[in-house]
Student: 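Got a structure for you, written out below as structure tokens; questions coming shortly.
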Amino acid sequence: MTNIPHPDSQPVAVHCAIVTISDTRTPETDRSGQLIQGLLTQNSHAVVDYTILPDEPALIQGHLVALGQRPELEAVIFNGGTGIAPRDTTYDAIALLLEKTLPGFGELFRALSYPEIGSRAIASRAIAGLYQSKLIFSIPGSTGAVKLALMKLILPELIHLTQQVKSGGH
């Protein structure tokens with residue numbers, strides 16, 4: 001773990017939803033979704049919703065809109081559908097709805113991916129931002145990408161970012 005510029009004063013359980021985008025995975029075969037759940041709960045966060053959706057933009061957007069209406073929810077982590085294949089539409093569906101983006105998330109994710117996967121990192125369309133006062137993260141669906149994103153970027157900043165959203169940055 002790297003140094004956190006502004007250490008969180010106390011542990012806070014962030015209420016999260018996990019959305020796996022896949023045309024083939026089931027709850028039993030969704031290793032990436034299971035890994036996200038495990039890492040969140042090991043770090044004392046609450047998983048309040050878990051869904052697997054096919055890579056269909058209308059379904060992805062509809063689900064995000066529905067999650068946006070849940071007041072207890074603070075963060076949503078999508079995994080899968082972030083590449084450039086014709087069926088990879090998660091980025092396109094989510095980017096249209098984000099009210100603010102966190103460009104540094106995708107930039108850092110690709111930079112951290114490069115030592116592991118080389119130039120193939122350029123094909124990742126990982127993105128993060130805000131929708132309806134909720135943090136939205138969209139990461140590739142491989143377990144390696146999930147572990148990298150959670151351990152190096154999401155978990156170290158999750159509490160701080162949710163507190164920023166709640167406080168209006170003050």
Student: Given the rule that I, L, V, M, F, W and Y join up when any side-chain heavy atoms are under 4.5 Å apart, are Val14 and Met151 in one cluster?
Tutor: yes
Student: Is a side-chain N or O of Thr162 found less than 3.5 angstrom from the main chain of Leu158, in a donor-acceptor match?
Tutor: yes
Student: Pick out which of Leu40, Ile154, Leu39 makes a side-chain contact (heavy atoms from CB on, under 4.5 Å) with His45.
Tutor: Leu40
Student: Could you measure the distance from the CD1 atom of Ile21 to the CD1 atom of Ile52? Nearest 0.5 Å is fine.
Tutor: 9.5 Å
Student: Would a hydrophobic clustering, with Ile, Leu, Val, Met, Phe, Trp and Tyr connected at side-chain separations under 4.5 Å, put Val47 with Val12?
Tutor: yes
Student: Cut-off 3.5 Å, no hydrogens considered: what does the side-chain donor-acceptor table look like for residues 73-88, sequence neighbours left out?
Tutor:
unit_1 : atom_1 : unit_2 : atom_2 : d
Glu74  : OE1    : His15  : N      : 2.7
Glu74  : OE1    : His15  : ND1    : 3.2
Glu74  : OE2    : Lys166 : NZ     : 2.6
Asn79  : ND2    : Thr20  : OG1    : 2.9
Arg87  : NE     : Asp23  : OD2    : 3.0
Arg87  : NH1    : Glu56  : OE2    : 3.0
Arg87  : NH2    : Asp23  : OD1    : 3.0
Arg87  : NH2    : Asp23  : OD2    : 3.0
Arg87  : NH2    : Asp55  : O      : 3.2
Arg87  : NH2    : Glu56  : OE2    : 3.2
Asp88  : OD2    : Gly83  : N      : 3.4
Asp88  : OD2    : Ile84  : N      : 3.4
Asp88  : OD2    : Ala85  : N      : 3.2

Student: Can you tell me how far CG of Asp30 sits from CD1 of Ile36, rounded to the nearest 0.5 angstrom?
Tutor: 7.5 Å
Student: Transitive ILVMFWY cluster of Leu59 at side-chain heavy atoms under 4.5 Å: who else is in it?
Tutor: none
Student: Hey, what do you get for CG (Leu35) to CG (Leu150), rounding to the nearest 0.5 Å?
Tutor: 6.5 Å
Student: Taking atom CD1 of Ile18 and atom OG1 of Thr51, what is their separation to the nearest 0.5 Å?
Tutor: 9.5 Å
Student: If you group Ile, Leu, Val, Met, Phe, Trp and Tyr by side-chain heavy-atom gaps below 4.5 Å, do Leu161 and Leu112 land in one group?
Tutor: yes
Student: Per the side chain to side chain donor-acceptor pair (under 3.5 Å) rule, what does the pair list look like for residues 117-128, sequence neighbours excluded?
Tutor: Asp92-Arg125
Student: If two hydrophobic side chains count as joined below 4.5 Å and joins carry through other members, does Leu53 share a cluster with Val65?
Tutor: yes
Student: Using a 4.5 Å cut-off on heavy atoms from C-beta on, say whether the side chain of Leu64 contacts that of Gln61.
Tutor: no
Student: Closest heavy-atom contact between Val165 and Ser133?
Tutor: CG1-O, 3.4 Å
Student: Is any side-chain heavy atom of Val19 closer than 4.5 Å to one of Leu67?
Tutor: yes
Student: Just distance, no hydrogens or angles: give the donor-acceptor pairs under 3.5 Å from side chains in residues 93-109, sequence neighbours left out.
Tutor:
unit_1 : atom_1 : unit_2 : atom_2 : d
Glu99  : OE1    : Gln132 : N      : 3.0
Glu99  : OE2    : Gln132 : N      : 3.3
Glu99  : OE2    : Gln132 : NE2    : 3.2

Student: Tell me the closest heavy-atom pair linking Pro140 and Ala126, and the distance in Å.
Tutor: CD-CB, 4.3 Å
Student: Could you state the interatomic distance from CD1 (Ile139) to CG (Leu148), rounded to the nearest 0.5 Å?
Tutor: 9.0 Å
Student: Taking all non-hydrogen atoms of both residues into account, name the closest pair between Tyr131 and Gly68 and its distance.
Tutor: CE2-CA, 4.0 Å
Student: Report the hydrophobic cluster partners of Ile122, with the cluster defined as I, L, V, M, F, W, Y residues connected by side-chain heavy atoms closer than 4.5 angstrom, directly or transitively.
Tutor: none
Student: Between Leu135 and Leu130, does a side chain to side chain contact (heavy atoms under 4.5 Å, CB included) hold up when you go through it step by step?
Tutor: CA-CA 5 Å; Leu135 287 168; Leu130 291 176; 3.7 Å; yes
Student: Please enumerate all residues that pass salt bridge (charged side-chain N to carboxylate O under 4.0 Å, His left out) together with Arg70, with sequence neighbours excluded.
Tutor: Asp49, Glu72
